[in-house]
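Here is the structure we will look at.
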Amino acid sequence: MAGGATRKISAASARAHTRKAKQKTSFPLPSGMMRNMVALFGIVILALIYRAIMPPPPKICGSPNGPLITAPRVKLSDGRYLAYKENGVPRDQAKHKFVFIHGFDCVRHDVALLTTTSPELMQSLGIYIVSIDRPGYGESDPHPKRTPKTLALDIEELADQLELGSKFYVMGFSMGGQAVWGLLKYIPHRLAGAILLTPVTNYWWGSFPANLTKQAYYEQLVQDQWTLRIAHYFPWLTYWWNTQKLFPSSSVATCSEDILLEQDRVLMPIFDSYQSKYRDLVRQQGDYETIHRDLMVGFGTWEFDPMELENPFPNGEGSVHIWQGDEDGHVPVILQRFIAKKLPWIHYHEMKGGGHMFPWAEGMGDKVVKTFLLGEPFVM
(Lines give C-alpha, C1' and ligand atoms only; values in the text may rest on other atoms or scores of the structure.)
Protein backbone atom coordinates (compact mmCIF):
# COMPACT_ATOMS: atom_id res chain seq x y z
CA MET A 1 0.00 0.00 0.00
CA ALA A 2 2.79 2.39 0.85
CA GLY A 3 4.53 1.63 -2.43
CA GLY A 4 1.53 2.58 -4.48
CA ALA A 5 0.68 5.83 -2.68
CA THR A 6 1.18 9.10 -4.50
CA ARG A 7 3.75 11.48 -2.72
CA LYS A 8 2.79 15.08 -2.26
CA ILE A 9 5.56 17.61 -3.06
CA SER A 10 5.61 20.85 -1.11
CA ALA A 11 5.98 24.20 -2.86
CA ALA A 12 9.43 24.78 -1.20
CA SER A 13 10.69 21.42 -2.39
CA ALA A 14 9.49 22.17 -5.87
CA ARG A 15 11.33 25.46 -5.98
CA ALA A 16 14.51 23.89 -4.69
CA HIS A 17 14.23 21.15 -7.24
CA THR A 18 13.74 23.73 -10.00
CA ARG A 19 16.83 25.67 -8.90
CA LYS A 20 18.96 22.56 -8.91
CA ALA A 21 17.74 21.70 -12.34
CA LYS A 22 18.60 25.12 -13.63
CA GLN A 23 22.10 24.94 -12.12
CA LYS A 24 22.76 21.68 -13.85
CA THR A 25 21.91 23.20 -17.21
CA SER A 26 24.61 26.01 -16.97
CA PHE A 27 27.47 25.63 -19.50
CA PRO A 28 30.85 25.00 -17.77
CA LEU A 29 34.12 26.26 -19.36
CA PRO A 30 36.01 23.27 -20.74
CA SER A 31 39.22 22.59 -18.76
CA GLY A 32 41.29 22.70 -21.95
CA MET A 33 40.06 26.19 -22.81
CA MET A 34 40.83 27.38 -19.28
CA ARG A 35 44.37 26.10 -19.55
CA ASN A 36 44.78 27.86 -22.90
CA MET A 37 43.54 31.15 -21.45
CA VAL A 38 45.94 30.90 -18.50
CA ALA A 39 48.81 30.08 -20.87
CA LEU A 40 47.88 33.01 -23.11
CA PHE A 41 47.78 35.35 -20.13
CA GLY A 42 51.19 34.10 -19.04
CA ILE A 43 52.62 34.67 -22.52
CA VAL A 44 51.29 38.24 -22.58
CA ILE A 45 52.85 38.94 -19.16
CA LEU A 46 56.19 37.46 -20.26
CA ALA A 47 56.09 39.48 -23.47
CA LEU A 48 55.53 42.66 -21.51
CA ILE A 49 58.39 41.81 -19.15
CA TYR A 50 60.67 40.96 -22.08
CA ARG A 51 59.81 44.22 -23.77
CA ALA A 52 60.54 46.14 -20.56
CA ILE A 53 63.96 44.59 -19.91
CA MET A 54 65.27 44.21 -23.46
CA PRO A 55 66.88 47.33 -24.94
CA PRO A 56 66.28 48.42 -28.51
CA PRO A 57 69.10 47.72 -30.97
CA PRO A 58 71.72 50.47 -31.31
CA LYS A 59 71.64 52.89 -34.24
CA ILE A 60 75.01 52.17 -35.80
CA CYS A 61 76.76 55.14 -37.38
CA GLY A 62 76.75 54.92 -41.15
CA SER A 63 73.93 52.35 -41.25
CA PRO A 64 70.56 53.07 -42.89
CA ASN A 65 68.73 55.58 -40.68
CA GLY A 66 71.78 55.68 -38.39
CA PRO A 67 73.84 58.76 -37.43
CA LEU A 68 76.23 60.22 -39.96
CA ILE A 69 79.97 59.60 -39.80
CA THR A 70 81.83 62.88 -39.35
CA ALA A 71 84.94 61.88 -37.38
CA PRO A 72 88.11 60.11 -38.50
CA ARG A 73 87.98 56.44 -37.48
CA VAL A 74 90.26 53.43 -37.43
CA LYS A 75 89.02 49.97 -38.33
CA LEU A 76 89.84 47.43 -35.63
CA SER A 77 90.78 43.80 -36.18
CA ASP A 78 87.26 42.57 -35.39
CA GLY A 79 85.68 44.93 -37.94
CA ARG A 80 84.46 47.60 -35.50
CA TYR A 81 85.35 51.25 -35.95
CA LEU A 82 86.82 53.53 -33.31
CA ALA A 83 86.37 57.28 -33.74
CA TYR A 84 89.01 59.75 -32.58
CA LYS A 85 90.00 63.41 -32.47
CA GLU A 86 93.51 64.88 -32.48
CA ASN A 87 94.45 67.79 -30.21
CA GLY A 88 97.60 69.76 -29.43
CA VAL A 89 100.68 69.89 -31.60
CA PRO A 90 100.83 67.89 -34.87
CA ARG A 91 101.42 64.20 -34.29
CA ASP A 92 104.70 64.10 -36.21
CA GLN A 93 106.10 66.98 -34.12
CA ALA A 94 105.05 65.71 -30.72
CA LYS A 95 107.46 64.90 -27.89
CA HIS A 96 104.76 63.53 -25.62
CA LYS A 97 101.89 61.57 -27.15
CA PHE A 98 98.78 60.92 -25.05
CA VAL A 99 95.68 58.79 -25.59
CA PHE A 100 92.78 60.32 -23.65
CA ILE A 101 89.81 58.23 -22.44
CA HIS A 102 86.64 60.17 -21.70
CA GLY A 103 84.26 59.69 -18.79
CA PHE A 104 80.67 58.57 -18.31
CA ASP A 105 78.17 60.14 -20.71
CA CYS A 106 80.86 62.03 -22.67
CA VAL A 107 82.56 61.88 -26.08
CA ARG A 108 85.92 62.50 -27.73
CA HIS A 109 85.43 66.26 -27.52
CA ASP A 110 85.32 66.17 -23.71
CA VAL A 111 89.04 66.12 -23.01
CA ALA A 112 89.53 66.88 -19.32
CA LEU A 113 92.43 69.33 -18.69
CA LEU A 114 92.56 70.45 -22.33
CA THR A 115 90.63 73.66 -21.70
CA THR A 116 92.71 74.46 -18.59
CA THR A 117 96.11 73.74 -20.12
CA SER A 118 97.61 76.78 -21.81
CA PRO A 119 98.40 76.50 -25.53
CA GLU A 120 101.87 77.86 -24.75
CA LEU A 121 102.60 74.95 -22.41
CA MET A 122 101.22 72.44 -24.91
CA GLN A 123 103.47 73.90 -27.58
CA SER A 124 106.61 74.17 -25.48
CA LEU A 125 106.36 70.58 -24.22
CA GLY A 126 105.22 69.22 -27.58
CA ILE A 127 102.03 67.64 -26.26
CA TYR A 128 99.77 65.72 -28.63
CA ILE A 129 96.50 64.19 -27.39
CA VAL A 130 94.31 61.81 -29.34
CA SER A 131 90.93 61.39 -27.69
CA ILE A 132 88.59 58.55 -28.57
CA ASP A 133 84.89 57.80 -28.46
CA ARG A 134 84.70 54.73 -26.27
CA PRO A 135 82.75 51.86 -27.90
CA GLY A 136 79.07 52.75 -28.31
CA TYR A 137 79.63 56.44 -27.66
CA GLY A 138 79.70 59.13 -30.33
CA GLU A 139 80.78 57.54 -33.60
CA SER A 140 82.56 54.42 -32.31
CA ASP A 141 80.79 51.15 -32.98
CA PRO A 142 79.24 49.45 -29.94
CA HIS A 143 80.92 46.41 -28.41
CA PRO A 144 78.30 44.23 -26.66
CA LYS A 145 81.10 42.11 -25.15
CA ARG A 146 83.12 45.07 -23.91
CA THR A 147 85.42 44.48 -20.92
CA PRO A 148 88.40 46.37 -19.45
CA LYS A 149 90.62 44.08 -21.54
CA THR A 150 88.87 44.67 -24.88
CA LEU A 151 89.10 48.44 -24.43
CA ALA A 152 92.81 48.19 -23.64
CA LEU A 153 93.39 46.20 -26.81
CA ASP A 154 91.29 48.68 -28.82
CA ILE A 155 93.55 51.49 -27.65
CA GLU A 156 96.66 49.52 -28.50
CA GLU A 157 95.33 49.00 -32.03
CA LEU A 158 94.55 52.71 -32.33
CA ALA A 159 98.07 53.60 -31.23
CA ASP A 160 99.57 51.25 -33.80
CA GLN A 161 97.45 52.53 -36.67
CA LEU A 162 98.22 56.15 -35.78
CA GLU A 163 101.91 55.22 -35.36
CA LEU A 164 102.24 56.67 -31.87
CA GLY A 165 105.38 54.66 -31.29
CA SER A 166 106.36 51.75 -29.09
CA LYS A 167 105.28 53.66 -25.97
CA PHE A 168 102.70 56.36 -25.32
CA TYR A 169 101.01 58.04 -22.37
CA VAL A 170 97.43 57.45 -21.31
CA MET A 171 95.06 59.73 -19.44
CA GLY A 172 91.55 58.96 -18.27
CA PHE A 173 88.86 60.93 -16.49
CA SER A 174 86.20 59.40 -14.19
CA MET A 175 84.94 56.22 -15.90
CA GLY A 176 87.76 56.71 -18.39
CA GLY A 177 90.16 56.85 -15.45
CA GLN A 178 88.81 53.51 -14.30
CA ALA A 179 89.53 52.15 -17.78
CA VAL A 180 93.22 53.00 -17.35
CA TRP A 181 93.51 50.11 -14.89
CA GLY A 182 92.84 47.79 -17.82
CA LEU A 183 95.72 49.32 -19.78
CA LEU A 184 98.05 48.95 -16.80
CA LYS A 185 97.02 45.30 -16.60
CA TYR A 186 97.02 44.24 -20.24
CA ILE A 187 99.42 46.52 -22.14
CA PRO A 188 101.86 47.93 -19.53
CA HIS A 189 104.74 47.37 -21.96
CA ARG A 190 103.21 49.97 -24.29
CA LEU A 191 102.85 52.72 -21.70
CA ALA A 192 105.22 55.60 -21.03
CA GLY A 193 103.11 56.76 -18.08
CA ALA A 194 99.51 57.11 -16.92
CA ILE A 195 97.26 59.78 -15.41
CA LEU A 196 94.04 58.81 -13.62
CA LEU A 197 91.79 61.79 -12.93
CA THR A 198 89.27 60.94 -10.18
CA PRO A 199 88.97 57.36 -11.49
CA VAL A 200 85.73 55.55 -10.63
CA THR A 201 86.14 52.71 -8.15
CA ASN A 202 84.29 49.41 -8.15
CA TYR A 203 82.87 48.45 -4.74
CA TRP A 204 83.30 44.77 -5.60
CA TRP A 205 87.07 44.78 -6.18
CA GLY A 206 88.34 41.98 -3.96
CA SER A 207 91.07 43.85 -2.08
CA PHE A 208 88.72 46.40 -0.56
CA PRO A 209 87.90 45.61 3.09
CA ALA A 210 84.19 44.89 3.50
CA ASN A 211 83.74 47.52 6.21
CA LEU A 212 85.33 50.18 3.99
CA THR A 213 83.22 49.46 0.92
CA LYS A 214 80.11 49.27 3.08
CA GLN A 215 80.83 52.72 4.49
CA ALA A 216 81.54 54.19 1.05
CA TYR A 217 78.58 52.47 -0.56
CA TYR A 218 76.02 53.71 1.91
CA GLU A 219 77.31 57.27 1.61
CA GLN A 220 75.91 57.28 -1.92
CA LEU A 221 72.36 58.38 -2.69
CA VAL A 222 69.86 55.56 -2.22
CA GLN A 223 68.93 55.65 -5.91
CA ASP A 224 72.59 55.19 -6.85
CA GLN A 225 72.98 52.33 -4.38
CA TRP A 226 70.16 50.52 -6.17
CA THR A 227 71.54 51.38 -9.62
CA LEU A 228 74.96 49.93 -8.80
CA ARG A 229 73.48 46.91 -7.05
CA ILE A 230 71.39 46.07 -10.11
CA ALA A 231 74.29 46.66 -12.52
CA HIS A 232 76.43 44.25 -10.52
CA TYR A 233 74.01 41.49 -9.52
CA PHE A 234 71.31 41.75 -12.20
CA PRO A 235 72.92 43.34 -15.28
CA TRP A 236 70.08 42.07 -17.48
CA LEU A 237 67.77 44.45 -15.59
CA THR A 238 69.99 47.51 -16.11
CA TYR A 239 68.04 48.82 -19.08
CA TRP A 240 64.69 48.41 -17.32
CA TRP A 241 65.93 50.07 -14.13
CA ASN A 242 67.27 53.12 -15.93
CA THR A 243 64.15 53.59 -18.05
CA GLN A 244 61.36 52.78 -15.58
CA LYS A 245 59.45 55.63 -13.98
CA LEU A 246 58.41 54.05 -10.68
CA PHE A 247 61.65 54.77 -8.81
CA PRO A 248 64.50 57.26 -9.31
CA SER A 249 67.47 55.68 -11.08
CA SER A 250 71.09 56.81 -11.51
CA SER A 251 71.59 60.41 -10.38
CA VAL A 252 74.59 60.71 -12.72
CA ALA A 253 72.69 59.45 -15.79
CA THR A 254 69.83 61.85 -15.06
CA CYS A 255 72.24 64.76 -14.36
CA SER A 256 70.79 65.29 -10.89
CA GLU A 257 72.33 68.12 -8.87
CA ASP A 258 71.74 66.21 -5.63
CA ILE A 259 75.11 64.51 -6.02
CA LEU A 260 77.08 67.75 -6.47
CA LEU A 261 79.13 69.21 -3.63
CA GLU A 262 80.46 72.76 -3.34
CA GLN A 263 83.17 72.93 -6.02
CA ASP A 264 81.18 70.85 -8.49
CA ARG A 265 78.20 73.21 -8.21
CA VAL A 266 80.52 75.93 -9.49
CA LEU A 267 82.33 73.92 -12.16
CA MET A 268 79.47 71.84 -13.57
CA PRO A 269 77.88 74.79 -15.43
CA ILE A 270 81.29 75.44 -17.04
CA PHE A 271 81.49 71.84 -18.21
CA ASP A 272 77.86 71.87 -19.35
CA SER A 273 78.31 75.01 -21.44
CA TYR A 274 81.33 73.45 -23.10
CA GLN A 275 79.65 70.09 -23.68
CA SER A 276 76.37 71.57 -24.92
CA LYS A 277 77.88 71.80 -28.41
CA TYR A 278 78.31 68.02 -28.52
CA ARG A 279 75.48 66.84 -26.26
CA ASP A 280 73.53 65.23 -29.09
CA LEU A 281 76.53 63.14 -30.14
CA VAL A 282 77.03 61.36 -26.84
CA ARG A 283 74.15 58.85 -26.90
CA GLN A 284 73.17 59.13 -30.55
CA GLN A 285 73.55 55.36 -31.01
CA GLY A 286 71.40 54.61 -27.98
CA ASP A 287 71.56 54.70 -24.19
CA TYR A 288 72.15 51.00 -23.72
CA GLU A 289 75.57 50.65 -25.36
CA THR A 290 76.76 53.90 -23.76
CA ILE A 291 75.76 54.70 -20.19
CA HIS A 292 74.10 51.35 -19.41
CA ARG A 293 77.06 49.35 -20.71
CA ASP A 294 79.36 51.59 -18.66
CA LEU A 295 77.48 50.68 -15.49
CA MET A 296 77.59 46.97 -16.22
CA VAL A 297 81.29 46.95 -17.10
CA GLY A 298 82.42 49.44 -14.47
CA PHE A 299 80.57 47.82 -11.58
CA GLY A 300 80.43 44.23 -12.79
CA THR A 301 82.69 41.37 -11.73
CA TRP A 302 86.18 42.12 -12.98
CA GLU A 303 88.59 39.45 -14.13
CA PHE A 304 91.42 41.11 -12.17
CA ASP A 305 91.86 43.26 -9.08
CA PRO A 306 93.63 46.59 -9.80
CA MET A 307 95.14 46.54 -6.30
CA GLU A 308 97.09 43.40 -7.20
CA LEU A 309 98.90 45.05 -10.10
CA GLU A 310 102.67 45.31 -10.04
CA ASN A 311 104.58 48.51 -10.73
CA PRO A 312 104.80 48.78 -14.54
CA PHE A 313 107.83 51.08 -14.18
CA PRO A 314 110.15 49.38 -11.67
CA ASN A 315 113.17 51.27 -12.97
CA GLY A 316 111.53 54.68 -12.87
CA GLU A 317 111.20 54.93 -16.66
CA GLY A 318 107.63 56.14 -16.23
CA SER A 319 105.09 56.94 -13.54
CA VAL A 320 101.42 56.57 -12.61
CA HIS A 321 99.53 59.43 -10.96
CA ILE A 322 96.06 59.66 -9.41
CA TRP A 323 94.35 62.99 -8.76
CA GLN A 324 91.36 62.91 -6.42
CA GLY A 325 89.28 65.55 -4.65
CA ASP A 326 88.22 64.98 -1.06
CA GLU A 327 84.75 66.43 -1.76
CA ASP A 328 83.88 64.25 -4.74
CA GLY A 329 80.25 63.15 -4.61
CA HIS A 330 80.77 60.64 -7.42
CA VAL A 331 83.89 58.78 -6.25
CA PRO A 332 84.45 58.05 -2.52
CA VAL A 333 87.79 59.47 -1.46
CA ILE A 334 88.22 56.80 1.24
CA LEU A 335 88.45 54.10 -1.42
CA GLN A 336 90.98 56.09 -3.42
CA ARG A 337 93.11 56.52 -0.30
CA PHE A 338 93.07 52.78 0.23
CA ILE A 339 94.21 52.15 -3.35
CA ALA A 340 97.08 54.63 -2.93
CA LYS A 341 98.13 52.88 0.29
CA LYS A 342 97.88 49.46 -1.30
CA LEU A 343 99.93 50.55 -4.34
CA PRO A 344 102.76 52.73 -2.99
CA TRP A 345 104.28 53.10 -6.46
CA ILE A 346 101.37 55.35 -7.43
CA HIS A 347 101.82 59.10 -6.98
CA TYR A 348 98.63 60.13 -5.19
CA HIS A 349 97.48 63.77 -5.16
CA GLU A 350 94.48 64.59 -2.98
CA MET A 351 92.94 68.04 -3.32
CA LYS A 352 91.25 69.60 -0.31
CA GLY A 353 87.84 70.89 -1.36
CA GLY A 354 88.25 69.32 -4.80
CA GLY A 355 85.23 67.82 -6.53
CA HIS A 356 84.68 65.44 -9.40
CA MET A 357 84.90 68.17 -12.00
CA PHE A 358 88.21 69.60 -10.72
CA PRO A 359 89.95 69.33 -14.16
CA TRP A 360 87.80 72.29 -15.30
CA ALA A 361 89.10 74.56 -12.53
CA GLU A 362 91.15 77.45 -13.88
CA GLY A 363 94.83 76.59 -14.42
CA MET A 364 94.38 72.97 -13.31
CA GLY A 365 95.66 71.54 -16.58
CA ASP A 366 98.95 73.41 -16.34
CA LYS A 367 99.48 72.19 -12.76
CA VAL A 368 98.79 68.55 -13.56
CA VAL A 369 100.91 68.53 -16.72
CA LYS A 370 103.90 70.20 -15.01
CA THR A 371 103.74 67.71 -12.14
CA PHE A 372 103.42 64.71 -14.43
CA LEU A 373 105.94 65.63 -17.12
CA LEU A 374 108.33 67.98 -15.31
CA GLY A 375 108.16 66.63 -11.78
CA GLU A 376 107.11 69.92 -10.24
CA PRO A 377 105.31 69.75 -6.88
CA PHE A 378 101.54 69.82 -7.19
CA VAL A 379 100.07 72.78 -5.33
CA MET A 380 96.38 73.64 -5.25
Side-chain angles (χ1 to χ4, degrees), residues 58-62 66-73 82-88 98 100-119 122 129-140 142 171-177 179 197-198 200 221 223-224 227 242-243 248-295 298 325 328-331 354-366 368:
K59 300 177 181 178
I60 308 297
C61 287
L68 298 176
I69 298 171
T70 64
R73 308 196 303 175
L82 197 70
Y84 65 91
K85 178 183 179 182
E86 297 180 286
N87 312 271
F98 285 83
F100 179 81
I101 310 170
H102 67 75
F104 183 84
D105 210 11
C106 296
V107 281
R108 64 189 181 277
H109 300 290
D110 303 315
V111 184
L113 297 181
L114 189 61
T115 60
T116 57
T117 302
S118 64
M122 297 275 289
I129 302 175
V130 56
S131 54
I132 64 168
D133 285 338
R134 288 193 286 114
Y137 280 101
E139 297 180 32
S140 288
M171 182 192 313
F173 168 66
S174 189
M175 199 64 91
L197 304 171
T198 186
V200 171
L221 297 177
Q223 65 196 80
D224 292 329
T227 297
N242 285 291
T243 54
S249 57
S250 169
S251 64
V252 183
T254 56
C255 303
S256 171
E257 293 187 0
D258 294 341
I259 199 173
L260 303 180
L261 299 181
E262 185 175 352
Q263 189 192 57
D264 283 339
R265 289 185 179 275
V266 175
L267 295 178
M268 187 59 80
I270 298 174
F271 170 76
D272 286 342
S273 64
Y274 174 79
Q275 200 200 38
S276 62
K277 296 176 288 185
Y278 315 111
R279 184 72 255 170
D280 293 341
L281 294 176
V282 179
R283 307 184 199 177
Q284 64 177 353
Q285 298 186 81
D287 289 1
Y288 187 71
E289 289 298 340
T290 52
I291 60 173
H292 299 170
R293 182 69 63 188
D294 262 3
L295 292 170
D328 187 335
H330 295 69
V331 181
H356 196 68
M357 307 305 294
F358 80 87
W360 279 266
E362 185 176 358
M364 186 58 66
D366 283 0
V368 170

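Keep in mind that what you see is a predicted model, and the values were worked out from it rather than measured.
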Contact list for residues 258-270, test salt bridge (charged side-chain N to carboxylate O under 4.0 Å, His left out), sequence neighbours left out
E257-R265
Check ring-ring contact (aromatic ring centres under 6.0 Å, His included) between [X] and all other residues, then give those that pass, not counting sequence neighbours.
X    : result
H356 : F173, H330
Y274 : none
F271 : W360
F100 : none

Among all residues two or more places apart in sequence or in another chain, which pass the side-chain hydrogen bond (donor to acceptor under 3.5 Å, both in side chains) test with T290?
none
Which residues share a side-chain hydrogen bond (donor to acceptor under 3.5 Å, both in side chains) with R108, sequence neighbours left out:
D133, E139
If you take all heavy atoms of [X] and [Y], which pair is closest and at what distance?
X    : Y    : result
Q223 : P248 : CB-O, 3.4 Å
A361 : T116 : O-CG2, 3.2 Å
T117 : D366 : CA-OD1, 3.2 Å
L197 : A112 : CD1-CB, 4.0 Å
A253 : I291 : CB-CD1, 3.9 Å
G103 : S174 : CA-CB, 4.3 Å

Side-chain heavy-atom pair [X], [Y] within 4.5 angstrom cut-off:
X    : Y    : value
L295 : N242 : yes
C255 : M268 : no
Q275 : V282 : yes
V111 : M171 : no

In this structure, are over 12 heavy atoms from other groups packed under 6.0 Å from K59 atom NZ?
no
When rounded to the nearest 0.5 angstrom, what distance separates [atom1] in [X] from [atom2] in [Y]?
X    : Y    : atom1 : atom2 : result
D328 : T198 : CG    : OG1   : 3.5 Å
M364 : T115 : CE    : OG1   : 11.5 Å
L113 : I129 : CG    : CD1   : 7.5 Å
T243 : H292 : OG1   : NE2   : 6.5 Å
Y137 : L281 : OH    : CG    : 13.5 Å

Those residues that, when tested against [X], pass salt bridge (Lys or Arg N to Asp or Glu O under 4.0 Å) (two or more places apart):
X    : value
D294 : R134, R146
R73  : D141
D224 : none

Ignoring hydrogens and angles, tell me if any N or O in the side chain of T227 forms a donor-acceptor pair with the backbone of S250 under 3.5 Å.
yes
For a side chain to side chain contact (heavy atoms under 4.5 Å, CB included) check, start with the C-alpha distance between Q284 and C61, then their side-chain angles and the critical distance, and finish with the verdict.
CA-CA 9 Å; Q284 64 177 353; C61 287; 3.8 Å; yes
Would M357 and L260 count as a side chain to side chain contact (heavy atoms under 4.5 Å, CB included) if you check the C-alpha gap in whole Å, the side-chain angles of each, and the deciding distance to 0.1 Å?
CA-CA 10 Å; M357 307 305 294; L260 303 180; 5.7 Å; no
For D105 and R279, what are the C-alpha separation, side-chain angles and deciding distance, and is it a salt bridge (charged side-chain N to carboxylate O under 4.0 Å, His left out)?
CA-CA 9 Å; D105 210 11; R279 184 72 255 170; 2.9 Å; yes
Quick check on side chain to side chain contact (heavy atoms under 4.5 Å, CB included): which of S140, P72, S131 does Y84 satisfy it with?
P72
Residues at least two apart in sequence or cross-chain that pass side-chain contact (heavy atoms from CB on, under 4.5 Å) with P58, listed by chain then number, are I60, P142, E289
